[in-house]
Amino acid sequence: MKKKTGTLLTISLLCTGLFTACTSSADTMPNAAPTAGPNGMVTTAPQATTSPAATQSMMPAATAEPATVGAAGTVEDARRLSDRVEDEVEKLSEVDDASAVVVGNIALVGVSYDGQYRGGMTDRLKGMITERVEMTDKTITAVHVTDSQELRKSIAALNDMMDDANAGFEQLQTKALEIAAQLTGGGLTQPGTTQKQTTT
């Protein structure tokens, strides 16, 4: 009888130990490790450790594109940023469809309105579109927005040109500057990265 009781007690202790180890909340238990203070003295202040699972859950979700990716200096960059700008502008409830081209630091955006929206190109809407564009890429310093159907078609055609394997960046930039000049009513050059410019 004593032998059975001893065996049962041993098994109970082992099970309790295993259960405790499995349910331990050691994710953030302090770990007393010696560290050197500012004065060179060694202390054993507790340090919080984090388990891999806790670290993984605290990391932000990965996004397909970083917030700031640099000015569009190649046809591929221009295509990628133009698509992102279109997607962002089309999230606005007032906008039904957007055509965009980003070349260098210039963004050209043509919009058509949602059927329910009757306000036209107000300063408020222009500001919201500009903000969306600038948030898409922080290096965009000139945003030109239009609701002119003719200019929107020109922007859409320029966007389509980026899919042509033979399209060169210089050709794309020249055409973008021509459209921007039509929007501003005068000549336009590629702006620097320090100034912000918005037109309709």
Exercise. Do you know the tightest heavy-atom contact between D96 and Y113?
Worked result: CB-O, 3.3 Å
Exercise. Do NZ/NE/NH1/NH2 and the carboxylate oxygens of E94 and R124 come within less than 4.0 Å?
Worked result: yes
Exercise. Roughly how far, to the nearest 0.5 Å, is the NZ atom of K126 from the OG1 atom of T122?
Worked result: 9.0 Å
Listed pairs under 3.5 Å, donor-acceptor, residues 114-121 side chains, sequence neighbours left out:
unit_1: D114; atom_1: OD2; unit_2: Q116; atom_2: N; d: 3.0
unit_1: Y117; atom_1: OH; unit_2: G120; atom_2: O; d: 2.8
unit_1: R118; atom_1: NH1; unit_2: G115; atom_2: O; d: 3.2
unit_1: R118; atom_1: NH2; unit_2: G115; atom_2: O; d: 3.2

For this session: Hey, could you give me the CG/CG distance between L92 and L125, rounded to the nearest 0.5 Å?
Result: 7.0 Å
Seminar exercise, completed: Nearest heavy-atom approach of L183 to V145 is CD2-O, 4.5 Å
Exercise. Can you tell if the side chain of V75 reaches within under 4.5 Å of the side chain of R79, non-hydrogen atoms only?
Worked result: yes
For this session: Answer yes or no: does atom CG of D123 have more than 12 heavy-atom neighbours from other residues, nucleotides or ligands under 6.0 Å?
Result: no
Exercise. Roughly how far apart are E86 CD and I155 CD1, rounded to 0.5 Å?
Worked result: 9.5 Å
Problem set entry | Any side-chain heavy-atom pair of I140 and N105 under 4.5 Å | no
Exercise. With D83, which residues qualify under salt bridge (Lys or Arg N to Asp or Glu O under 4.0 Å), at least two apart?
Worked result: none
Exercise. Out of curiosity, N159 CG to M162 CE, how far, rounded to the nearest 0.5 Å?
Worked result: 4.0 Å
Exercise. Would L108 and L151 satisfy side chain to side chain contact (heavy atoms under 4.5 Å, CB included), going step by step from the backbone distance to the final call?
Worked result: CA-CA 10 Å; L108 306 174; L151 289 172; over 6 Å; no
For this session: Output, in order, the C-alpha distance, side-chain angles, deciding distance and verdict of salt bridge (Lys or Arg N to Asp or Glu O under 4.0 Å) for E178 and K175.
Result: CA-CA 5 Å; E178 287 171 5; K175 290 191 177 291; 5.1 Å; no
Exercise. Out of curiosity, Q173 CD to L177 CG, how far, rounded to the nearest 0.5 Å?
Worked result: 5.5 Å
For this session: Run the numbers on D87 and R84 for side chain to side chain contact (heavy atoms under 4.5 Å, CB included), then give the verdict.
Result: CA-CA 5 Å; D87 291 344; R84 289 184 63 216; 5.6 Å; no
Exercise. Would you say E90's side chain and D97's backbone share a donor-acceptor pair under 3.5 angstrom?
Worked result: no
Problem set entry | Point-to-point distance, once rounded to the nearest 0.5 Å, from CD1 of I179 to CD of E150 | 10.5 Å
Exercise. Applying ring pair (Phe, Tyr, Trp, His ring centres under 6.0 Å), which residue pairs with at least one partner in residues 118-139 are found, sequence neighbours left out?
Worked result: none
Exercise. Any side-chain heavy atom of R132 within less than 4.5 Å of one from M128?
Worked result: no
Problem set entry | Residues D77 and R80 bridged, charged N to O under 4.0 Å | yes
For this session: Answer yes or no: is there a donor N or O on one side and an acceptor on the other, between the side chain of R152 and the main chain of D147, under 3.5 Å?
Result: no
Problem set entry | Sole candidate of V133, V109, T184 that passes side chain to side chain contact (heavy atoms under 4.5 Å, CB included) when paired with H144 | T184
Problem set entry | Under 3.5 Å donor-acceptor, S82 side chain and V102 backbone | yes
Exercise. Above 12 or not: heavy atoms from other molecules or residues under 6.0 Å from CD of E76?
Worked result: no
